[in-house]
*Asks:* 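My questions all concern the structure below.
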2 protein chains.
Amino acid sequence: MDEGTIEDALAARVRSAVSDGRLPPGTKLPEELLAEQWSVNRARIRTVLQRLSFEDLVELKRNRGAFIATPGIKEARDVFEARRVIERVTTEIVTRTILTPQLNALKARLDDRERTFLHGNRQQAIASISAFHRSLAALAHNESLAQALERLILRSALILGLYGTADTFARASAHYGTLLDEIERGESIVAARTMERCLFTLEKGLDLRPDAPRDVDLARVIGQVA
Amino acid sequence: MDEGTIEDALAARVRSAVSDGRLPPGTKLPEELLAEQWSVNRARIRTVLQRLSFEDLVELKRNRGAFIATPGIKEARDVFEARRVIERVTTEIVTRTILTPQLNALKARLDDRERTFLHGNRQQAIASISAFHRSLAALAHNESLAQALERLILRSALILGLYGTADTFARASAHYGTLLDEIERGESIVAARTMERCLFTLEKGLDLRPDAPRDVDLARVIGQVA
DNA sequence: GAGGCAATTATTGTCAACAATCGATATTGA
DNA sequence: TCAATATCGATTGTTGACAATAATTGCCTC
């Protein structure tokens, strides 16, 4: 068996589903259902859930099961403060070290983002914003920072899905163009501040009323290949 | 059974043993040995090891077993860079918000640290430094930052144990007194810079030659209560 | 009819036996 | 003597059955 990476694949599948809102907060993830949907043993599901709970993406309640986490307000504040701290620096590093092809790749991603935006799908917007920040951070070439940020980005996706309003993204969106321009011009300090402001905008745009819990066809969502 | 927290306890035990160097990098952790030492089922050991591997404290090699992680040089650099980023900010926050009793607690801890220092035990010095940074960060009241930092501190303990020289700690030590003074005077920016410099000192003091692998009486180390 | 209590059920937690895998050792041939 | 190889042993990975637990449902009493 070439397994050993199969757990990674399954965890990634859940992450992706959370990222784009197919699995809203509070959704229960029964072991047996996942097991049969993915045709693996329950023990392996257990491992996956364990890992996801370590990432604070799912909450493991003893004898109750696994649920997609539901971050509270205070947690939301913390997460965005932490992101500002980390992304300020990564932005600075990236501005000083980025090469042209990488910059162009970022620009392309930004275009994607704006296209998605016009399309109006909120969950896609969240996923797209996440991807942009991820890509930017990766260019700082620091595994520790990237790893710490990855968790925060995932939590943010949950938070934005829960509390994000339609124009939360619209307002934040305005910053991205500016950011890339400043990066291109090598103005590292200014770019870092723009990134910070962008994250501030996202945070300020949060609406504290949670969505009404949606019903989810779990089997379908889980069963999807990607 | 009031279990459900027993895995936490076991994981904590390993962390502690790593923190103060009783379990040096590369040490193999056989499931069965741990299981009988702690009189629990192997499945539970498996869970614990899994969790520790998420924290990058142990490396899980397929069909080979679990080993205490052995961070490389590049990783060491990354970790300290990340710590500077995070601790600069936490220091700043703490300086602006700390209350007198908390400050006194920190001072007491610092005294502890210096006493340990004179005592000359290197592993205790590492554990003590870790504890100090942890306490400081906790005062920033941001779970996300604290959590991210916790991992970095643990990795640092491994790294310092591997590459730290005798006077690595002596040099870094000089900063702590200054740091607390500046915090007391409320000079947040200056304090943040001092913290940064302290971490720089620690990093610069690393000696890249790893220790000769020590032999460890695993059963004894694992069996210890705390 | 409402509230509380008890049996039921669905789900997770635990366990021990079995299978698969890797490394080491011993053996054989040149 | 050295190298390549096959066998062996120790350790981990896997599986299914069983136990424990908490929510749910139905029932009984008030």
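Chain letters run A, B, ... following the sequence lines, proteins first, then strands; residues in each count from 1. Note that the coordinates shown come from a computational prediction; the quantities given were computed from them, not determined experimentally.
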*Asks:* Is it true that the side chains of T165(B) and T168(B) contain a donor and an acceptor less than 3.5 Å apart?
*Replies:* yes
*Asks:* Under 4.0 Å between a side-chain N or O of R46(B) and OP1 or OP2 of dG13(D)?
*Replies:* yes
*Asks:* Between dT14(C) atom C1' and Q50(A) atom CD, what is the distance in whole Å?
*Replies:* 14 Å
*Asks:* Do the charged groups of E203(A) and R84(A) touch, with an N to O distance under 4.0 Å?
*Replies:* yes
*Asks:* Would you say a side-chain N or O of R62(A) is under 4.0 Å from OP1 or OP2 of dT14(C)?
*Replies:* yes
*Asks:* To the nearest Å, how far apart are E7(B) CD and dT12(C) C1'?
*Replies:* 13 Å
*Asks:* Could you give the CZ-to-P distance, from F67(B) to dT12(D), as a whole number of Å?
*Replies:* 8 Å
*Asks:* List, with names and distances, any nitrogen or oxygen atoms from the protein found under 3.5 Å away from nitrogen or oxygen atoms belonging to nucleotides 16-18 of chain C.
*Replies:*
from    : atom 1 : to     : atom 2 : distance (Å)
dA16(C) : OP2    : N41(B) : ND2    : 3.4

*Asks:* Could you check whether S135(B) and R109(B), counting side-chain N and O atoms only, form a donor-acceptor pair closer than 3.5 Å?
*Replies:* yes
*Asks:* Can you tell me the distance, in whole Å, between the NZ atom of K61(A) and the C1' atom of dA23(D)?
*Replies:* 12 Å
*Asks:* Under 3.5 Å, is there a donor-acceptor pair between the side chain of T27(B) and the main chain of L23(B)?
*Replies:* no
*Asks:* In whole angstrom, what separates L34(B)'s CG from dA10(D)'s P?
*Replies:* 18 Å
*Asks:* What's the separation between atom CZ in F67(B) and atom NZ in K28(B), rounded to the nearest 0.5 Å?
*Replies:* 5.0 Å
*Asks:* Evaluate the side-chain contact (heavy atoms from CB on, under 4.5 Å) criterion for residues F80(B) and I159(B): first the C-alpha distance (whole Å), next the side-chain angles of each, then the deciding distance (0.1 Å), finally the verdict.
*Replies:* CA-CA 10 Å; F80(B) 275 99; I159(B) 291 168; 4.2 Å; yes
*Asks:* Could you tell me which residues satisfy side chain to side chain contact (heavy atoms under 4.5 Å, CB included) with N104(B), sequence neighbours excluded, listed by chain and number?
*Replies:* T100(B), K107(B)
*Asks:* Does R155(A) pair with E55(A) as a salt bridge, N-O distance under 4.0 Å?
*Replies:* no
*Asks:* Would you kindly give the CG-to-C1' distance between L60(B) and dG13(D), to the nearest whole Å?
*Replies:* 11 Å
*Asks:* Quick one: which protein N/O atoms are closer than 3.5 Å to N/O atoms of nucleotides 6-11 of chain C? Pair and distance per line, please.
*Replies:*
none

*Asks:* Given 3.5 Å as the limit, does a donor-acceptor pair link the side chain of T47(A) with the main chain of A43(A), or not?
*Replies:* yes
